[in-house]
Amino acid sequence: MKAAMLRSVLKRSCSTTVPSASHVMRRGFSSESSPERKVAVLGAAGGIGQPLALLMKLNPLVSKLSLYDIAGTPGVAADISHINTRSEVAGFMGEDQLGQALEGSDIVIIPAGVPRKPGMTRDDLFNINAGIVKSLCTAISKYCPNALVNMISNPVNSTVPIAAEIFKKAGTYDEKKLFGVTTLDVVRAKTFYAGKAKVNVAGVNVPVVGGHAGITILPLFSQATPRANLADEEIKALTKRTQDGGTEVVEAKAGKGSATLSMAYAGAIFADACLKGLNGVPDVVECSFVQSTVTELPFFASKVRLGKNGVEEVLGLGPLSDYEQQGLEALKPELKSSIEKGIKFANQS
Ligand SMILES: NC(=O)C1=CN([C@@H]2O[C@H](COP(=O)(O)OP(=O)(O)OC[C@H]3O[C@@H](n4cnc5c(N)ncnc54)[C@H](O)[C@@H]3O)[C@@H](O)[C@H]2O)C=CC1
Ligand SMILES: O=C([O-])CC(=O)C(=O)O
């Protein structure tokens, strides 16, 4: 799988600028035209980590791929390192190798932590994952304080505020460089909308705003393109399915974890957008859960323009339908309390 195939994979879902195949080949495989970029994946031996590491190995914008986990990384790294693409792969295992894994990273992607089982909410993961995220972010502030951080570990509505507080305490916080990865919500909204509207999914765009849990996930189908005349009941059903997408997978996996493959795809799309932004590609826009003034809440997911320093601009919500406006008001109390829970944890422990 070389650049042309990767490009077609990325083009299917990405709302970002997608260069031509020859451009990707030039930018991706020539170290003269494409800058050196180190990407670290923390939790790289896990259900998301492994396919995500594979997809990052296929990304020609990556020159070094650093795979870290508390167990299992030597095997994953050896396996992936045989793939004949640009990046050099190194595996790191255990806390004493975390510094080496992180040093020099441009982007750190974090899918470390426990996943849900049926009957659990994402918030039920807080007790274990908050501590994991805290220790990983403490190391990031020490070893690669300028890296863009792509937070996948749940509950994202709390883990992103935890990361922000840890970075603040270390004096390294830059709000432009911290992202909660909500791309899977966008991927799902696009897929479900295309199915209902009977349009080609490759051309669909749907912004998803708010947060990443239940009703805090707010897809804006009134802004979906191409436009389709869906009935109110159909929009409600699409909204509910997008909000419950994670639970749909958790139940189907029946105790064997949550979304891993679609999440790896979404994580790779988002990291690719960050890399393009760092490399100066113009008009790279993705939805992400970031520090925000779009609402009164300190963190909020909306469209974000990515640039050489991370967030270049947090874009507004645009016109909302009455239904979306109600959804926005309804999500605020839950999102606020999840954000506050994260901030409190980081400052207590
Ligand atoms: N943001 C999103 O849209 C999504 C987030 N998730 C979340 O991603 C997380 C990971 O999910 P899976 O990969 O399915 O779980 P998994 O259990 O398959 O893998 C997690 C990996 O993290 C590793 N790990 C645990 N503690 C660590 C530490 N201190 N440092 C480094 N690695 C550590 C484990 O060894 C394991 O390999 C979960 O919290 C899940 O809820 C899952 C799907 C979508
Ligand atoms: O539902 C979960 O626990 C995992 C997740 O965040 C998702 O699939 O959106």
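Not measured: the values here are computed from a predicted model. Note that ligands are numbered from 1 as they come in the structure, with each ligand's atoms numbered from 1 the same way.
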Side chains of Phe92 and Thr73: closer than 4.5 Å at any heavy-atom pair? no
Under a 4.0 angstrom heavy-atom cut-off, which atoms of ligand 2 come close to Gly246? 1 (O), 7 (C), 8 (O), 9 (O)
Relative to the heavy atoms of Ala259, which atoms of ligand 2 are at a distance of less than 4.0 Å? 8 (O)
For ligand 2, note which part of Lys253 has a heavy atom under 4.0 Å away: side chain, backbone, both or neither. neither
Contacts for ligand 1, heavy atom under 4.0 Å, by chain and number, are Gly43, Ala45, Gly46, Gly47, Ile48, Tyr68, Asp69, Ile70, Pro111, Ala112, Gly113, Val114, Pro115, Leu125, Asn129, Ile132, Leu136, Ile152, Ser153, Asn154, Val156, Val181, Leu184, His212, Ser258, Ala259, Thr260, Met263
Tightest non-hydrogen contact, residues Ala346 and Ile166, listed as CB-CD1, 4.2 Å
Of all the atoms in ligand 2, which lie at a distance below 4.0 Å from a heavy atom belonging to Arg116? 1 (O), 2 (C), 3 (O)
Answer with side chain, backbone, both or neither: which part of Asp185 has a heavy atom less than 4.0 angstrom from an atom of ligand 2? neither
From atom 7 (C) of ligand 2, work out which of Glu251, Gln243, Arg122 has a heavy atom at the shortest distance. Arg122
Quick test of your reading of the model: are Lys336 and Glu340 salt-bridged, counting only N-O distances below 4.0 Å? yes
Ion pair Glu36/Arg86, N-O distance below 4.0 Å: yes
Consider only side-chain N and O atoms of Thr159 and Asn129, and report whether a donor and an acceptor are under 3.5 Å apart. no
Taking the side chain as everything from C-beta on, heavy atoms only, tell me whether Ser153 gets closer than 4.5 Å to Ile132. no
Thinking salt bridges, do Asp272 and Lys276 make one under a 4.0 Å N-O criterion? yes
Quick look: Val249 vs ligand 2, heavy-atom contacts under 4.0 Å, and the answer is neither
Within less than 4.0 angstrom of ligand 2, does Arg188 place any heavy atom? yes
Dump the intermediate steps for side chain to side chain donor-acceptor pair (under 3.5 Å) on Ser87 and Arg37, then the final yes or no. CA-CA 9 Å; Ser87 53; Arg37 294 289 178 206; over 6 Å; no
Can you see which heavy atom on Ser222 is nearest to which on Pro319, and at what distance? OG-O, 3.9 Å
With atoms numbered from 1 as shown, which atoms in ligand 2 lie under 4.0 angstrom from a non-hydrogen atom of His212? 5 (C), 6 (O), 7 (C), 9 (O)
Start with the C-alpha distance between Asn59 and Val39, add both sets of side-chain angles, then the distance that settles side-chain contact (heavy atoms from CB on, under 4.5 Å), and finish with yes or no. CA-CA 11 Å; Asn59 190 320; Val39 174; over 6 Å; no
